[in-house]
J.: 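Quick one: the structure is below, and I'll ask about it shortly.
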Amino acid sequence: KRIILIDAGHGGKDAGAKAGDYHEKDITLKTAQFVKSMFRSDNTEIILSRNDNSAPSLAERTELINKVNPDMVISLHTNFAAKANDKKGAEIFYADNKVSTKMAAKLAEKFNNCPVSTQNLHLLKNSKSPIVILEMGYMSNAEDLQFLSSENGQRENKRKIINFINEN
């Protein structure tokens with residue numbers, strides 16, 4: 001059975017990016033739960049890094065990933081540009097290895113060929129499984145925030161993520 005781990009970024013007291021009444025931790029959790037609840041496959045299991053407003057540390061998230069040893073990890077986040085409110089759209093960061101690089105390119109296709117790049121981030125450096133971090137949009141951009149916080153936007157992101165999982 002193939003295992004996909006979806007990491008809902010932030011949680012608990014760590015709200016992540018904030019815009020008005022919206023918090024990154026809530027958007028990522030809703031999206032992760034939506035993907036898990038709507039995904040249908042007999043040969044694939046979706047595991048979430050958190051199912052509630054808990055706040056596992058980066059070390060605990062990495063430990064879970066390395067213990068479960070999934071076939072792929074998708075860590076969900078939202079961006080925030082403090083000075084450039086015109087920045088918008090998705091962005092993907094990936095671990096500097098062949099499988100994660102390929103995953104990032106394929107996921108970027110689902111998100112309007114958004115930018116992809118390697119980053120020196122804890123999960124990317126310390127996870128043994130292929131991993132990408134999906135920044136689903138900018139909470140500092142009014143259009144992105146409307147999309148990210150709406151049920152339609154979350155449904156569309158879920159559909160893109162599920163299509164990506166099904167094709168990989």
Side-chain angles (χ1 to χ4, degrees), residues 1-10 16-17 24-25 27-51 58 61-62 64-81 87-139 141 143-168:
K1 199 172 210 183
R2 189 170 73 133
I3 298 174
I4 311 296
L5 190 140
I6 305 220
D7 174 48
H10 304 280
E24 178 176 9
K25 69 178 185 172
I27 292 170
T28 61
L29 180 60
K30 261 188 173 176
T31 304
Q33 289 173 327
F34 212 180
V35 168
K36 181 173 177 143
S37 70
M38 300 305 286
F39 189 82
R40 301 287 177 257
S41 173
D42 291 336
N43 66 345
T44 302
E45 179 182 1
I46 303 284
I47 295 174
L48 302 183
S49 63
R50 64 183 180 99
N51 294 301
L58 285 173
R61 285 182 159 128
T62 305
L64 173 66
I65 291 166
N66 291 336
K67 178 182 171 193
V68 171
N69 192 28
D71 296 279
M72 113 179 26
V73 178
I74 304 168
S75 184
L76 301 176
H77 292 269
T78 63
N79 254 329
F80 194 89
K87 286 191 102 174
K88 63 183 266 184
E91 185 174 17
I92 298 169
F93 303 125
Y94 60 93
D96 192 13
N97 63 59
K98 189 175 181 177
V99 177
S100 294
T101 302
K102 188 175 177 181
M103 278 175 44
K106 286 184 174 184
L107 184 58
E109 289 174 7
K110 302 291 179 207
F111 283 85
N112 302 318
N113 293 310
C114 68
V116 298
S117 63
T118 59
Q119 292 288 323
N120 189 23
L121 301 171
H122 180 87
L123 283 179
L124 299 179
K125 289 188 309 186
N126 297 295
S127 297
K128 294 176 183 170
S129 295
I131 182 170
V132 292
I133 294 176
L134 170 60
E135 299 277 359
M136 297 179 287
Y138 282 84
M139 291 183 67
N141 178 283
E143 189 178 330
D144 273 9
L145 179 60
Q146 169 63 34
F147 179 80
L148 290 166
S149 60
S150 73
E151 196 140 321
N152 283 341
Q154 290 172 10
R155 215 177 280 119
E156 186 173 327
N157 279 340
K158 173 220 41 126
R159 181 186 52 78
K160 291 174 182 178
I161 293 165
I162 288 174
N163 288 341
F164 166 74
I165 291 169
N166 282 332
E167 292 172 12
N168 289 283

J.: Go through the steps to decide whether M38 and R159 satisfy the test side chain to side chain contact (heavy atoms under 4.5 Å, CB included), and finish with yes or no.
T.: CA-CA 9 Å; M38 300 305 286; R159 181 186 52 78; over 6 Å; no

J.: Taking the side chain as every heavy atom from C-beta outward, state whether I165 and R2 have any atom pair closer than 4.5 Å.
T.: yes

J.: Please check this pair: side chain of R50 against backbone of R61, looking for a donor-acceptor N/O pair closer than 3.5 Å.
T.: no

J.: Looking at every heavy atom in both A32 and L76, which two are closest together, and how far apart are they?
T.: N-CD1, 3.8 Å

J.: Working to the nearest 0.5 Å, report the span between CE of M103 and CZ of F164.
T.: 4.5 Å

J.: As an exercise, state the distance from OG of S75 to CD1 of I65, rounded to the nearest 0.5 Å.
T.: 7.0 Å

J.: Within the 4.5 Å heavy-atom criterion, are I4 and V35 side-chain neighbours or not?
T.: no

J.: When you measure from the side chain of D144 to the backbone of G89, do you find a donor-acceptor pair of N or O atoms at a distance under 3.5 Å?
T.: yes

J.: I'd like to know whether CD of E156 has more than 12 heavy-atom contacts from other residues, nucleotides or ligands below 6.0 angstrom.
T.: yes

J.: Kindly confirm or rule out a cation-pi arrangement of K158 over F34, judged by NZ or CZ under 6.0 Å from the six-membered ring centre and within 45° of its axis?
T.: yes

J.: Please check if the side chain of E91 supplies one atom and the backbone of E135 the other of a donor-acceptor pair under 3.5 Å.
T.: no

J.: Please name all residues satisfying side chain to side chain contact (heavy atoms under 4.5 Å, CB included) with L148, sequence neighbours left out, ordered by chain then number.
T.: I27, T78, M136, M139, N157

J.: Are more than 12 heavy atoms from other residues, nucleotides or ligands located less than 6.0 Å from atom CG of D42?
T.: no

J.: So with a 6.0 Å cut-off around NZ of K36, is the heavy-atom count from everything else above 12?
T.: yes

J.: Pairing donors with acceptors under 3.5 angstrom, does anything connect the side chains of H122 and T62?
T.: yes

J.: Under 3.5 Å, is there a donor-acceptor pair between the side chain of S127 and the main chain of L124?
T.: no

J.: For the pair S100 (side chain) and Y94 (backbone), establish whether a donor and an acceptor sit closer than 3.5 Å, ignoring hydrogens and angles.
T.: no

J.: Evaluate the side chain to side chain contact (heavy atoms under 4.5 Å, CB included) criterion for residues T28 and H10: first the C-alpha distance (whole Å), next the side-chain angles of each, then the deciding distance (0.1 Å), finally the verdict.
T.: CA-CA 8 Å; T28 61; H10 304 280; 5.5 Å; no

J.: Run the side chain to side chain contact (heavy atoms under 4.5 Å, CB included) test on I131 and L121 for me, step by step, so that the C-alpha distance in whole Å, both residues' side-chain angles and the decisive distance to 0.1 Å come before the verdict.
T.: CA-CA 11 Å; I131 182 170; L121 301 171; over 6 Å; no

J.: Would a distance-only check, ignoring hydrogens and angles, find a side-chain to backbone donor-acceptor pair under 3.5 Å from S129 to V73?
T.: no

J.: So for atom CD, which belongs to E167, do other residues, nucleotides or ligands contribute more than 12 heavy atoms lying within a distance under 6.0 Å?
T.: yes

J.: Considering all heavy atoms of both residues, which atom of Y138 and which atom of F80 are nearest to each other, and what is their separation?
T.: CD2-N, 3.9 Å

J.: Look up atom NZ in K110 and atom CG in L134, then write down how far apart they are to the nearest 0.5 Å.
T.: 13.0 Å

J.: Is the number of heavy atoms from other residues, nucleotides or ligands within 6.0 Å of NZ (K125) greater than 12?
T.: yes

J.: Tell me if the NZ atom of K67 is crowded by more than 12 foreign heavy atoms within 6.0 Å.
T.: no

J.: Let me confirm one number: the OG1-CD1 distance from T118 to I92, rounded to the nearest 0.5 Å.
T.: 13.5 Å

J.: Any chance you could measure L48, atom CG, to L5, atom CG, to the nearest 0.5 Å?
T.: 7.5 Å

J.: Let me confirm one number: the CZ-OG1 distance from F39 to T44, rounded to the nearest 0.5 Å.
T.: 4.5 Å

